[in-house]
Structure formats: structure tokens, C-alpha cells
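Please read the structure below before turning to the comments.
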Amino acid sequence: MASSSFPFGLLLLLLLSLQSARTTGLPSDCGPISASDKDRIEFAQNLEFLEAEFFLRGSMGKGLDSFDPQLAKNGPEPIGARKANLDPLTFRIIQEFGYQEIGHLRAIVDEVDGIQRPLLDLSPEVFATIFNKAVGYTLNPPFDPYANSLNFLLGCYVIPYEGLVGYEGTIPSLQYYSSRRLVSGLLGVESGQDAVIRTLLYERAEEKVPPYNITVAELTNKISVLRNQLAMCGVKDEGLIVPLFLGAENLTDSNILSANAYSISYARNPQEILRTVYGSGSEYIPGGFYPHGANGEIARRYLGNRTV
């Protein structure tokens with residue numbers, strides 16, 4: 001269990017991140033965008049595909065096409081994912097999450113028809129790149145999310161939270177009751193998944209992540225700082241242990257649920273999400289988990305304006 005002491009190094013890292021946001025300024029497109037309910041929901045489907053394939057393949061070694069191939073609409077097979085070396089408890093949790101994501105995709109298709117699954121890269125190399133950027137140096141050996149349960153949970157830390165803050169940012173802009181009902185239901189389960197993952201990691205917050213000389217708490221904080229830097233719209237992401245000024249009511253450094261000063265979920269718009277999942281810091285430059293970019297009208301409007 002984590003202690004109540006927040007490492008000075010992480011405090012300094014967070015303060016530097018906050019200072020960077022103030023001095024460099026924020027991009028002009030940190031607010032809502034103009035889009036239909038259908039386009040907003042289909043944008044979110046990109047993240048549901050990512051989560052489904054990571055959870056299903058990580059737990060069982062087989063993906064969406066083995067359960068309901070029609071949901072992918074003949075989209076390309078994901079690359080790089082494989083069955084992880086999970087303990088029985090983690091296996092059952094991740095397997096359930098995978099099944100839930102199939103339901104999410106089916107609900108989206110029933111509501112708005114849906115998009116084709118984009119090409120997804122879930123290879124260890126993509127995760128290694130993310131974790132190297134987060135810590136600021138090259139980890140040796142490279143980080144592999146499929147190596148063991150702890151690594152896989154850390155890999156999970158990278159993914160579902162983006163769906164959570166994306167849905168939180170989407171709901172206020174939805175016009176129709178049916179859309180709001182769907183997205184609020186999806187948000188509820190996404191939030192639960194993220195809470196489970198963060199709780200499991202919090203139990204091990206002070207453990208070193210073998211073979212690296214860095215604790216679970218330190219690594220989650222560094223990942224959160226990286227995502228804030230990539231999204232470029234302020235602090236909307238926090239690790240498992242934070243300084244008191246980021247804790248609930250400024251009275252605790254425990255941060256199992258990432259939330260703002262009112263303990264309300266953070267929200268991100270599609271541009272912020274793309275900058276983060278592409279790993280490029282730009283909605284115009286695909287990469288990371290989406291080597292050819294995400295699908296749907298919203299994602300493609302930025303790729304259509306791409307400048308090299």
C-alpha cells in the first residue's frame with residue numbers, strides 16, 4: 001500500500017509541467033469542435049477498438065475477429081498484440097473488460113452504424129516508445145506490456161483513461177437524448193475499468209517495476225505528465241500519488257481516481273485525444289497506436305489537412 005509521502009522528484013516534475021503550460025501557452029483548439037452526434041460517437045469508436053483488441057488479445061491471445069468479425073467492418077488486423085503472462089486474477093479482470101468492449105462496439109454500431117476498424121499497433125515497441133518518452137531515457141530492457149501482470153496493468157494505465165476523458169468531453173456537445181444515453185452508459189463502464197486498473201496499481205504503488213529502478217507510482221506520474229504535455233491543454237491527467245494541491249480537497253495525496261479540484265472527471269476534446277494516442281503531440285501527424293491515423297470524419301478532417 002502506498003504511503004502518504006509524495007516524492008520530491010515527482011513534485012518537481014509536476015511543477016515543471018504546470019510551468020511549461022503557463023509559459024508556452026495553450027493551443028487555440030482546446031475547446032469543443034463542431035460535429036454531429038454520429039461523428040462524435042464514431043470518433044470514440046476508435047478508442048473502443050483499441051481497448052477491445054488490447055484486452056482480448058492480452059487475456060486470451062485472440063481479438064475481435066474471433067468473436068464478432070462484422071464489428072470490424074473488414075478493417076485491417078491489429079499488429080503486435082499477443083497473449084500476456086497474466087496471473088489468474090488479472091486474467092479474469094482483463095478478459096471481462098475485453099468482453100465489455102465487444103458490447104460497447106455493438107452498442108455503437110446499433111446506434112450510428114459505426115466506422116471500419118483502423119490499423120492498430122499494439123506491439124511492445126509502441127509501448128516501449130511511450131514509456132521511454134515518459135521517463136526521459138531508454139529503458140533497458142525495453143518495456144514489454146505482455147511480460148507479466150504488472151507490466152500489463154501499466155500498459156492498461158495508458159489506454160482506457162483516454163476513453164473516459166473523451167466521453168466526458170463529448171457528452172455536453174451531444175444534441176439527442178439517444179446519443180447522451182448511449183455515451184453516458186459507455187462512460188460509466190469506462191470509468192469503472194479505469195478505477196479498477198488504478199486501484200490494482202495503487203496497491204503496488206511503492207513497488208519497483210522490475211528490472212527498472214522506478215516505482216509504480218513514479219511511472220504512472222511520469223506517464224500522466226507525458227500525456228498532459230502531448231495534449232497541450234493543461235493538466236487533465238494525474239498519477240496515483242500526487243502533491244496535496246492536486247489531491248481531493250487538498251487533504252490527501254492518494255489519487256486512485258484522477259479528478260479536478262472539485263473531484264469531477266477531467267474532459268478532453270478529440271484534438272487532445274489524437275495528440276495523445278498518436279504520440280506525436282499533433283492531431284495532424286498519426287503514429288503510436290494508430291500508424292495510419294484514426295477513422296471517421298473527425299479524425300480524417302485533420303489528416304486531410306496534414307502538412308509535411
Side-chain angles (χ1 to χ4, degrees), residues 1-27 30-31 130-131 133-136 150 153-169 171-172 187 190-209 214-269 271-273 275-277 279 281:
M1 185 63 67
S3 73
S4 60
S5 60
F6 185 82
F8 175 77
L10 288 180
L11 174 59
L12 180 60
L13 188 64
L14 281 168
L15 291 173
L16 288 174
S17 178
L18 288 166
Q19 179 64 28
S20 176
R22 286 195 294 266
T23 56
T24 60
L26 300 178
C30 286
I130 294 169
F131 279 74
K133 287 182 179 178
V135 300
L150 178 56
L153 289 171
L154 286 165
C156 291
Y157 183 88
V158 174
I159 294 177
Y161 184 73
E162 295 306 304
L164 187 166
V165 293
Y167 282 135
E168 185 70 21
I171 290 175
L187 173 60
E190 292 289 325
S191 300
Q193 291 177 351
D194 186 64
V196 169
I197 291 164
R198 292 177 69 99
T199 300
L200 291 172
L201 288 171
Y202 185 81
E203 289 182 325
R204 307 176 69 173
E206 293 184 348
E207 290 184 23
K208 293 288 182 68
V209 180
I214 185 170
T215 67
V216 170
E218 290 169 336
L219 198 47
T220 61
N221 276 278
K222 290 176 183 292
I223 292 168
S224 291
V225 168
L226 173 65
R227 290 191 295 204
N228 286 326
Q229 292 171 342
L230 290 171
M232 297 190 294
C233 289
V235 174
K236 301 182 180 181
D237 195 326
E238 300 167 354
L240 297 175
I241 302 176
V242 296
L244 287 177
F245 74 85
L246 288 176
E249 296 303 298
N250 306 135
L251 295 174
T252 178
D253 60 7
S254 171
N255 201 47
I256 295 176
L257 302 181
S258 180
N260 69 13
Y262 297 98
S263 290
I264 295 174
S265 295
Y266 290 110
R268 290 200 187 280
N269 66 21
Q271 305 96 296
E272 296 173 75
I273 298 292
R275 294 169 196 153
T276 304
V277 297

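The analysis underlying the following values was restricted to heavy atoms, covering all of them including side chains, and did not include hydrogens, waters or symmetry mates.
Minimum heavy-atom separation, Cys156 to Pro160: O-CD, 2.5 Å. The shortest heavy-atom contact between Ala205 and Thr215 is O-CB, 3.5 Å. Between Tyr157 and Thr220 the shortest heavy-atom distance is OH-O, 3.4 Å. In this structure, Asn255 and Gly239 approach most closely via the heavy-atom pair ND2-O, 2.7 Å. Across all their heavy atoms, Ile197 and Leu153 have their closest contact at CG2-O, 3.7 Å. Closest non-hydrogen pair, Ile273 versus Glu162, comes out as CD1-O, 3.4 Å.
Residues Arg268 and Glu168 are not paired through a salt bridge, judged by the lack of any N-O separation under 4.0 Å between the basic side chain and the carboxylate.
In terms of modelled atom types and a separation under 3.5 Å, the side chain of Arg227 and the main chain of Lys222 share no donor-acceptor contact. In this structure a side-chain-to-backbone donor-acceptor pair under 3.5 Å is present from Thr199 to Ala195. Here the side chain of Asp253 pairs no donor or acceptor atom with the backbone of Ile241 at under 3.5 angstrom.
Two residues are said to be in side-chain contact when any heavy atoms from C-beta on lie closer than 4.5 Å; Leu244 and Leu251 fail this criterion. Using a 4.5 Å heavy-atom threshold, the side chains of Cys233 and Arg275 count as touching. By the 4.5 Å heavy-atom criterion applied to side chains, Val209 and Val216 are counted as neighbours. Between Arg204 and Leu200, every side-chain heavy-atom pair lies at or beyond the 4.5 Å cut-off.
Distance CG/Leu201 to CG/Leu219: 9.5 Å, rounded to 0.5 Å. In this structure, OG1 on Thr276 lies 8.5 Å from CG on Asn228, to the nearest 0.5 angstrom. Here the CG-CD distance, from Leu240 to Glu218, works out to 11.5 Å after rounding to the nearest 0.5 Å. Note that SG of Cys30 and CE of Met232 are 7.5 Å apart. Values are rounded to the nearest 0.5 Å. Between Arg198 atom CZ and Asp194 atom CG the span is 6.0 Å, to the nearest 0.5 Å. Of the inter-residue distances, the one linking Asp237 atom CG with Glu272 atom CD reads 11.0 Å to the nearest 0.5 angstrom.
Between the side chains of Tyr161 and Ser224, not a single donor N or O lies within less than 3.5 Å of an accepting N or O. Side-chain contact, Glu238 with Tyr266: a donor N or O sits under 3.5 Å from an acceptor N or O.
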Report the C-alpha distance between Ser265 and Val165 in whole Å, list the side-chain angles of each, state the deciding distance to 0.1 Å, and finish with yes or no for side-chain contact (heavy atoms from CB on, under 4.5 Å). CA-CA 7 Å; Ser265 295; Val165 293; over 6 Å; no

Where do Tyr167 and Ser191 land on the side-chain contact (heavy atoms from CB on, under 4.5 Å) test, with the steps shown first? CA-CA 10 Å; Tyr167 282 135; Ser191 300; over 6 Å; no

